[in-house]
Each structure stands twice: as structure tokens, then as C-alpha cells.
Amino acid sequence: MMNLNKNITSIRAFLLLFILLYLTACKDSFLDVKPSTDIVSPKTLDDFQQMLDYPRINQTSALPFLASDEYSIPEEKDWLAQSILERNVYIWSDDRYGGQTSIEDFNYPYEGIFYANSVISGMGNLKETAVDRKKYNHVLGQAYFARAFASFDLVKNFAAPYDADSAPQELGIALKLSPNVDEVIERSSIQENYDQILSDLSRATSLLDAPITADRNRANKPSAYALAARIYLSMRNYELAEVYADSCLAMYDKLIDYNTVSLIATAPFTLGNEESMLYSTVGRNYSMVLYASTQNTSIDNGLYDLYDENDLRKSIFFSKNAANGLIKTKRGYSGSSRFPYSGLATDELYLIKAECAARRDDLYTCKDYLFKLLSKRYKTGTFTMDNFSTKEDALNKVLIERRKELVWRAGLRWDDIRRLNKEGANMSLNRKLGNEIYVLKAGSPQFAFPIPTNESIFYTNNK
């Protein structure tokens, strides 16, 4: 059983004032609350660990789920029943937030960064002779990982897709490197964002312990390598993405045999399933993300049709209503939680490795990693795989399997569209509501979510 909640009582003692401020603030933005660093008074490594166990550390934005092409709303009346933000993000409106000035998907990662910065800053005050150095390093490594994880979630959603040529000039997010929320800082360039994130991950990797424990909410060395591989893939630096995928899989490469997973369970996986290296979910409860509450929302039929009948994922990931044909996702690697999983799991690393091998024309390695993964996803004895004849065939197969394996996972589909359009994929997205057709064209600036107008609390006005 994961240790996600058992520390809440002890955390509450020294976070009580902050929580009260958060809950009673007249505005709903974390950034409006302006907690100060003297609110908490952690004295021991266990205190700092408890700060890092605060749930907000492991929550990410739901906006890329709302905007992606993995699902549709067939009936206009069901779209109209949603919040203004959900409606506008679904059709990629210029006014994404419908006049809202404080957006939780923007605030949550900065709240996680606040806790990470508080730990990084506060641990410097611990006396050298009074701490267990190995434990000290592991806790500090978790803090650097948490800051990198949250910062990457922000930049990949609220800035343009990474491009090595333009990244030094384009504005990204404001990098918060101290717990002083009264500090007003300028937005950094996208390149500076990624440089800082990767620097934090490098620090984390050097400090973290290797083992993956029952506390899947806590970062570990394999998950740090996995995050680096995900980030370098997003940056289209396939050479380094492969290096870090290799480093991760050399330490932890477990896969679940889906022949052992229930085909009918609503929650087929446990929270601490052996593929999950780091547990995280989206933070905002949009009904269209948890769309069992949106009656006529459905997984895209074209996506569903990619799975053949021997592919166990078709039954494990989805349920199909026989009466109306609508397809719903079941609960995934988040266990019984209805919040989609946004953590780091080994199946993603197999696919990163396979894609990078395909891109350097190593067709044998690409096939090998795909076969290891897919042989665990099909009914026993039914899966076969021919050799690839060309690099293009291999790459196409990997990208199809990314769609099928990582569906409704971490907003990865939205990020894939962003990066693959930079590779010339020219993918435009389409929605149909009533008689209206909405199109998000490849290369549109709408592939980045706008920074909310309450950013003036946190940024200088260099938009």
C-alpha cells in the first residue's frame, strides 16, 4: 500500500497556517496567498520529507487532456453543459479561460515549486554533524526532482514547443528558485527554462537513492532518468533521450504481463503497480477529464479502432457502451483514483528507446524493445512481429504504439503532437459541434496555453 496519505497528520502541524491562508483567501489563486517562508519551521530530515509528501508535489495540469484529440463530445448539448474553460479549451478558443484570471493548472505546479524551494533552502540550515548524509542527499534529491518535474509541466504547457533555433529568444515561464513568493521575477527564455530544469535533474540524479520503494510518490534515481528521457524526447534531442532511457531501464525495467490483469475491472491496476516508478496525477477535477460524469463524451473512434481483438489493452483500458457505442476510459495506473495518471512508468521508457533507435536507423533494436513491450500486451501466443523494412516503417509503428499504450496518460499525446509537428508531421486537429467545425492548425500558437492574467502577481510585465 502506498504511503501517500499517512503523513498528512504530521504535516498539518507545521503547515496549518499556510493551509488556513490557502483555504480562506478571498481569491482562489495559490499565488495570491503569498505564504512566507517563516510559516513553516521544519527541524529534521523527517520534517522536510513530510513537506515533499504534500500531495500538490505530485499533481500536474489537466489542460493538455482537455485540448488533445484523444476524445470527442458528439452532442453539442453536452459541450454546453461544461464550464466556460472546458468549452473554450475543447474548441481551442482564443479566450481559453473565459475571463478567469486565476487558473489552477497554472497555480498547482508553482505551489509544488514553493514546497521544493522551501526544502532546498531550509535544508542548508541543518548542521552537518546532525544528519544522516545518505538520507539528507535523498531528501534533497527529491526536492530538486520536484522542482524540475513541476517546472517542466509548466513550460511544456504554457510556452511554445521547444525548438533549438528559437528557444533562446522565445519567452517561457518565470523560474522560481527561492521560496520567497514576494519576489517578482521576469520570464526566462525557453532555453533558460530547459537549462534550469535539466540542471535540477542532474543534481537530483546525483543525490537520489536507486531503489524504488513502496512510496511511489517519492522520486528515485530511475524516475529521474525517466524524466530526463521524457524531457529530451520533448526537446527532440533523441540522442540524449535514448541515453537516459537506457540509464533508467538498466536500473528498472519491469513490465506487467497484461494477461494477468482483469479485463472487466473498473480499476484494473493497483496504485503501486510494478511499472510505475513515480506516481502523479492531474490536479484539477474537470468533468471532461474525469468524463464518466460527462454522459456523452467518448474516446475517439479512430484511436479505439487501432486496437485489434487480441490486444488486451482494448478491454483493459476501455469500456464500450453497447447501446450507444460511446467509449469510456477505465481507471489506469492511478489505481482506484479517477484522476488520470501523469507519473513515470517503464512502458513509456521502452517506447522512448524504440523511437530513438528507429530514428538512428537501428531497426533491430527498435523491434526488440517493441516486441518486449507488446508481447506483454497481447493474448498469450497471439503476438508476432515482422522485421521492419525501412526506418519510416519502424518509426510509424512506434508512434502508433505510443498512441495506444500512453492513451490518457500525462498529457503525452498533446506534447507528442507539438513535437512531431516540429518534425514536419503537419497534424491539425478538428472538432465538430452541431454545424460548426473547429480547427487547430499545425504550428498554431494555440498549441501553448496562455499565461493567466494574474501572472502579474508573479512576473514583471514582459509578455
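Sequence positions, counted from 1, serve as the residue numbers for this chain. Not measured: the values here are computed from a predicted model.
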Hydrogens and angles aside, do [X] and [Y] bring a side-chain donor and acceptor to less than 3.5 Å of each other?
| X | Y | result |
| --- | --- | --- |
| Gln82 | Ser287 | yes |
| Asn117 | Ser178 | no |
| Asn107 | Glu111 | no |
| Asn273 | Ser276 | no |

Please determine whether ring-ring contact (aromatic ring centres under 6.0 Å, His included) holds for the pair Tyr286 and Tyr90, giving the CA-CA distance in whole Å, both sets of side-chain angles, and the decisive distance to 0.1 Å. CA-CA 12 Å; Tyr286 296 112; Tyr90 182 76; over 10 Å; no
So, Thr60 side chain and Asp153 main chain: donor-acceptor pair closer than 3.5 Å or not?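 Not at all, since once roles are kept as given, no pair shorter than 3.5 Å links the two residues.
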Would a distance-only check, ignoring hydrogens and angles, find a side-chain to backbone donor-acceptor pair under 3.5 Å from Ser342 to Thr281?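 Between the backbone of Thr281 and the side chain of Ser342 there is a qualifying donor-acceptor contact (under 3.5 Å).
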Determine whether [X] and [Y] make a side-chain contact, defined as any pair of heavy atoms from C-beta on separated by less than 4.5 Å.
| X | Y | value |
| --- | --- | --- |
| Phe388 | Asn396 | no |
| Leu278 | Phe149 | yes |
| Leu374 | Arg313 | yes |
| Asn217 | Ile57 | no |
| Cys356 | Tyr232 | no |
| Leu63 | Asn157 | no |
| Cys366 | Leu370 | yes |

Just do the salt bridge (charged side-chain N to carboxylate O under 4.0 Å, His left out) check on Arg413 and Asp300 with the steps written out, would you? CA-CA 13 Å; Arg413 173 59 179 169; Asp300 179 71; over 6 Å; no
Minimum-distance pair of heavy atoms, taken over all atoms of [X] and [Y]:
| X | Y | value |
| --- | --- | --- |
| Glu401 | Leu351 | CB-CD2, 4.0 Å |
| Leu201 | Ala148 | CG-CB, 3.9 Å |
| Asn310 | Thr382 | CB-OG1, 3.6 Å |
| Leu208 | Ala219 | CD2-O, 3.7 Å |

With side-chain hydrogen bond (donor to acceptor under 3.5 Å, both in side chains) as the criterion, how do Gln50 and Asp46 come out once you've worked through the C-alpha distance, each side chain's angles and the decisive distance to 0.1 Å? CA-CA 6 Å; Gln50 289 165 4; Asp46 287 338; 6.0 Å; no
Taking the six-membered ring for Trp, are [X] and [Y] parallel (under 30°), tilted (30 to 60°) or perpendicular (over 60°)?
| X | Y | value |
| --- | --- | --- |
| Phe371 | Phe383 | tilted |
| Tyr369 | Tyr350 | tilted |
| Tyr115 | Tyr54 | tilted |
| Tyr225 | Tyr244 | tilted |
| Tyr110 | Phe106 | perpendicular |

Salt-bridge criterion met for [X] and [Y] (N-O under 4.0 Å):
| X | Y | value |
| --- | --- | --- |
| Glu348 | Lys353 | no |
| Arg96 | Asp105 | no |
| Asp257 | Lys376 | no |
| Lys176 | Glu183 | yes |
| Glu405 | Arg377 | yes |
| Arg418 | Asp163 | no |
| Asp416 | Arg402 | yes |
| Asp209 | Lys135 | no |

Aromatic contact, Tyr307 with Phe318 (centres under 6.0 Å):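 Yes - the distance between ring centres of Tyr307 and Phe318 falls below the 6.0 Å cut-off.
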Centroid separation under 6.0 Å, is that true for the rings of Tyr341 and Trp408?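 Ring centroids of Trp408 and Tyr341 are no less than 6.0 Å from each other.
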Mind running salt bridge (charged side-chain N to carboxylate O under 4.0 Å, His left out) on Lys254 and Glu275 for me, showing each step along the way? CA-CA 6 Å; Lys254 292 183 179 181; Glu275 284 190 16; over 6 Å; no
Supply the atom-to-atom distance Ile197 CD1 to Ser151 OG, rounded to the nearest 0.5 angstrom.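 The distance works out to 5.0 Å.
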side-chain hydrogen bond (donor to acceptor under 3.5 Å, both in side chains) between Asn259 and Thr380: does it pass, once the steps are laid out? CA-CA 7 Å; Asn259 287 279; Thr380 301; 3.2 Å; yes
Cationic tip of Arg360 above Tyr238 ring, under 6.0 Å, 45° of axis: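 No - Arg360 does not lie over the ring of Tyr238 by the 6.0 Å and 45° rule.
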Taking the six-membered ring of Tyr162, is NZ or CZ of Arg419 closer than 6.0 Å to its centre and within 45° of its axis?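 The answer is no; the distance or angle limit is not met.
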Go through Arg284 and Glu104 one step at a time and tell me if the salt bridge (charged side-chain N to carboxylate O under 4.0 Å, His left out) criterion holds. CA-CA 7 Å; Arg284 177 66 168 86; Glu104 290 169 285; 2.5 Å; yes
Are Glu86 and Ser83 close enough, and set up right, to give a side-chain hydrogen bond (donor to acceptor under 3.5 Å, both in side chains), and what steps lead you there? CA-CA 5 Å; Glu86 288 174 279; Ser83 70; 2.9 Å; yes
